[in-house]
Amino acid sequence: LLHLPTTRAPPRPAGRHAGVTAPDQNALHLVTACPMNSLDRLYESLAAGAADKRNAHTVLATRAEHLTAPAEPVTPEHTNDDVRQRFALNEVQETLAVVENGQPIGLINRHIFMEQYARPFARDVFGRKSCIAFMDKSPVIVDRGLPIETLVRTAVEAGTRVLKDGFITTAEGQYLGLGTGYALMKAMSDIEAEKTRQLLSSIGYASLIQRSHLAESDLALRDGLPDHALLWQPRDVVGGDAYFFRHTAAGLVGCVFDCTGHGVPGAFMTLIALSFLEQTIAPECSTIDPGATLGAMNRYIKRVLQQRQREGDSSYGSGSRPSNDGLDAALFLLAPDGASLHFASARLHLLIAPDDGGALRTIDGDRNGIGYADTADDQTWITQQVALCGPSLLVIPTDGVIDQIGGPRQIAHGRRRLVQFMEQRRGVSARALCAEFAEHFSQWQGQERRRDDVSLLAFRCGTPVKP
């Protein structure tokens, strides 16, 4: 954004303009376009996307020239009576540009001019004098290539003048035409609408990509666990919660994880985690250690995100690092006979409710997250062997369930309420439990905004797993 003074015009010769104050050329508010930058590229992309969508000749206005309409100007040689006649001939014209030697020097507003010219004796006194007597000597003048967003900032800095008077557009300093405040507001509204449309379209397509990565897990879960349910609700269209299930020679492998953030950043993190699991968990694997798998995932994510500690790197784990992202995860291996599972977890919990009315158990996860800059490269996670004495309902929630604010007192849902919810519904199917919990959770949230992505896996085991 450049504010450039112009060269002062040469002195006017004495004549009928004598006694009329000449405009101060240095007071003109000139704004020129800068070389192409990221804003230019953004507008080019928006315009191209809008053209593809509309499949028409309508052009998205992204620069000052798109808002400019040709309008014949007047010169200092024109009198105020000439200006009055011009406004009378064109009742919709709100302003007139005053141009000298092809360069704009001022702007005449219809309402201000008519108000002043209607005063007693004004026509007799000013009628034959130069029209510069009633012009605004410091109008907003912009280059034709100026981006709309920069033009809006210029309009805001100029106060209400642009909304009332509009602006003058030039091409290499020469007068080109006039733009109105209404056209500027409409153009900005159209740009914001197009930004939103393209953003939502991109996120919608990203959702298809994320869901395609989960499709094979959906099949493995459906085929391996007849009584299961999975509540998966991204806070936005895409999210940072995801899951992974595969049949292996060692049994059914399942993983539920909650990545840093939500929305698009969280979704990118899920693709990194899913890529690791797909490379690591193969159908022919006969020996799988959940704790060791989480340790390998930790090293993989730290390497991919360049969050691994280097010798002599004092910035490791500090705020100066470019990123500090990771995930919480619960990974289990369910034996083919369904009587036991091996379980390892980073910060997530496993709840077990036996169908025979036995005490509900909670298997806590380790306190270290996976992949974060402050998690050691050689961090280990303990694999716990969990015996299942008969059919039991198992539930793994993510933090979005535990931390959601709601209820009469506007507090976190907490794990205790989830345990109580399970206690009250002993013996129901996993699908029924999940459906009822979704309704309960929605009522708990009420009018509160969703804080995070929400995932809850429920499945019944203690019986042989289908291969």
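Partners of E436 according to the side-chain hydrogen bond (donor to acceptor under 3.5 Å, both in side chains) rule, which considers only residues two or more places apart in sequence or in another chain, are R425. For H342, there are no side-chain hydrogen bond (donor to acceptor under 3.5 Å, both in side chains) partners at least two apart in sequence or on another chain. Under the rule for a side-chain hydrogen bond (donor to acceptor under 3.5 Å, both in side chains), Q385 has no partner lying at least two apart in sequence or in another chain. Legend: residues meeting side-chain hydrogen bond (donor to acceptor under 3.5 Å, both in side chains) with T260, ordered by chain and number and at least two apart, are Y372.
Taking a cutoff of 4.0 Å between a charged side-chain nitrogen and a carboxylate oxygen, R426 and D355 do not qualify as a salt bridge. K195 and E149 are joined by a salt bridge, as a carboxylate oxygen and a charged side-chain nitrogen come within less than 4.0 angstrom of each other. Ionic pairing of E94 and K164 is not present here: no N-O contact between side-chain nitrogen and carboxylate oxygen is shorter than 4.0 angstrom. A salt bridge links D377 to K302: at least one charged side-chain nitrogen sits closer than 4.0 Å to a carboxylate oxygen.
When all heavy atoms of L294 and A329 are compared, the pair lying nearest together is CD2-CB, 4.2 Å.
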Task: Worked verdict on D165 versus T95 for side-chain hydrogen bond (donor to acceptor under 3.5 Å, both in side chains) - done: CA-CA 6 Å; D165 301 344; T95 54; over 6 Å; no
- [ ] Show your reasoning for whether side-chain hydrogen bond (donor to acceptor under 3.5 Å, both in side chains) applies to D364 and H349.
- [x] CA-CA 5 Å; D364 294 327; H349 310 286; 3.1 Å; yes
Task: D241 and S455: CA distance, side-chain angles, deciding distance, side-chain hydrogen bond (donor to acceptor under 3.5 Å, both in side chains) verdict - done: CA-CA 7 Å; D241 283 11; S455 297; 3.0 Å; yes
- [ ] Quick one: do I411 and R417 satisfy side chain to side chain contact (heavy atoms under 4.5 Å, CB included)? Show the steps, please.
- [x] CA-CA 12 Å; I411 59 177; R417 287 183 178 80; 3.4 Å; yes
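Using a 4.5 Å cut-off on side-chain heavy atoms (C-beta onward), L230 and L456 make no contact. For the pair V253/I288, a side-chain contact is recorded, criterion being any heavy-atom separation below 4.5 Å from C-beta on. In this structure, P104 and I141 have side chains that are in contact, with non-hydrogen atoms separated by less than 4.5 Å. With contacts defined as side-chain heavy-atom distances shorter than 4.5 Å, the pair L178/L96 does not qualify. In this structure the side chain of L394 never reaches within 4.5 angstrom of the side chain of L351, judged on heavy atoms. You'll find the side chain of T170 stays beyond 4.5 Å of the side chain of V142, heavy atoms only. Side-chain contact between R63 and L146 is absent, with no heavy-atom pair separated by less than 4.5 Å.
A side-chain donor-acceptor contact under 3.5 Å links T68 to the backbone of A64. For Q307 (side chain) and I301 (main-chain N/O), no donor-acceptor pair under 3.5 Å exists by modelled atom type. With hydrogens and angles ignored, the 3.5 Å screen pairs no side-chain donor or acceptor of S323 with any backbone N or O of D325. Panel note: side chain D356, backbone G358; a donor-acceptor pair is recorded below 3.5 Å. The backbone N or O of L388 lies less than 3.5 Å from no partner atom in the side chain of S392, so there is not a single donor-acceptor pair.
Tested against H413, the residues Q404, Q445, H440 include a single side-chain hydrogen bond (donor to acceptor under 3.5 Å, both in side chains) partner, H440. Applying the salt bridge (charged side-chain N to carboxylate O under 4.0 Å, His left out) test between D227 and each of R460, R431, R222 identifies R460 as the sole match.
Taking the six-membered ring for Trp and the full ring otherwise, the centers of Y243 and F257 sit at least 6.0 Å from each other.
Counted within 6.0 Å of CD on Q93, heavy atoms from surrounding residues, nucleotides or ligands total more than 12; the atom is thus considered enclosed. Counting heavy-atom neighbours within 6.0 Å of L163 CG, excluding the residue itself, gives a total above 12.
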Indicate every side-chain donor-acceptor pair of residues 267-281 with a distance under 3.5 Å to a residue at least two apart or in another chain.
from	atom 1	to	atom 2	distance (Å)
T270	OG1	Q210	NE2	3.1
T270	OG1	A267	O	2.6
S275	OG	Q279	NE2	3.0
Q279	NE2	S275	O	3.3
T280	OG1	F276	O	2.8

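With no hydrogens or angles considered, a side-chain donor-acceptor pair links E194 and Q198 at under 3.5 Å. There is a side-chain donor-acceptor pair under 3.5 Å between R211 and S207.
Identified under the side chain to side chain donor-acceptor pair (under 3.5 Å) test for residues 175-188, with sequence neighbours left out: K186-D190.
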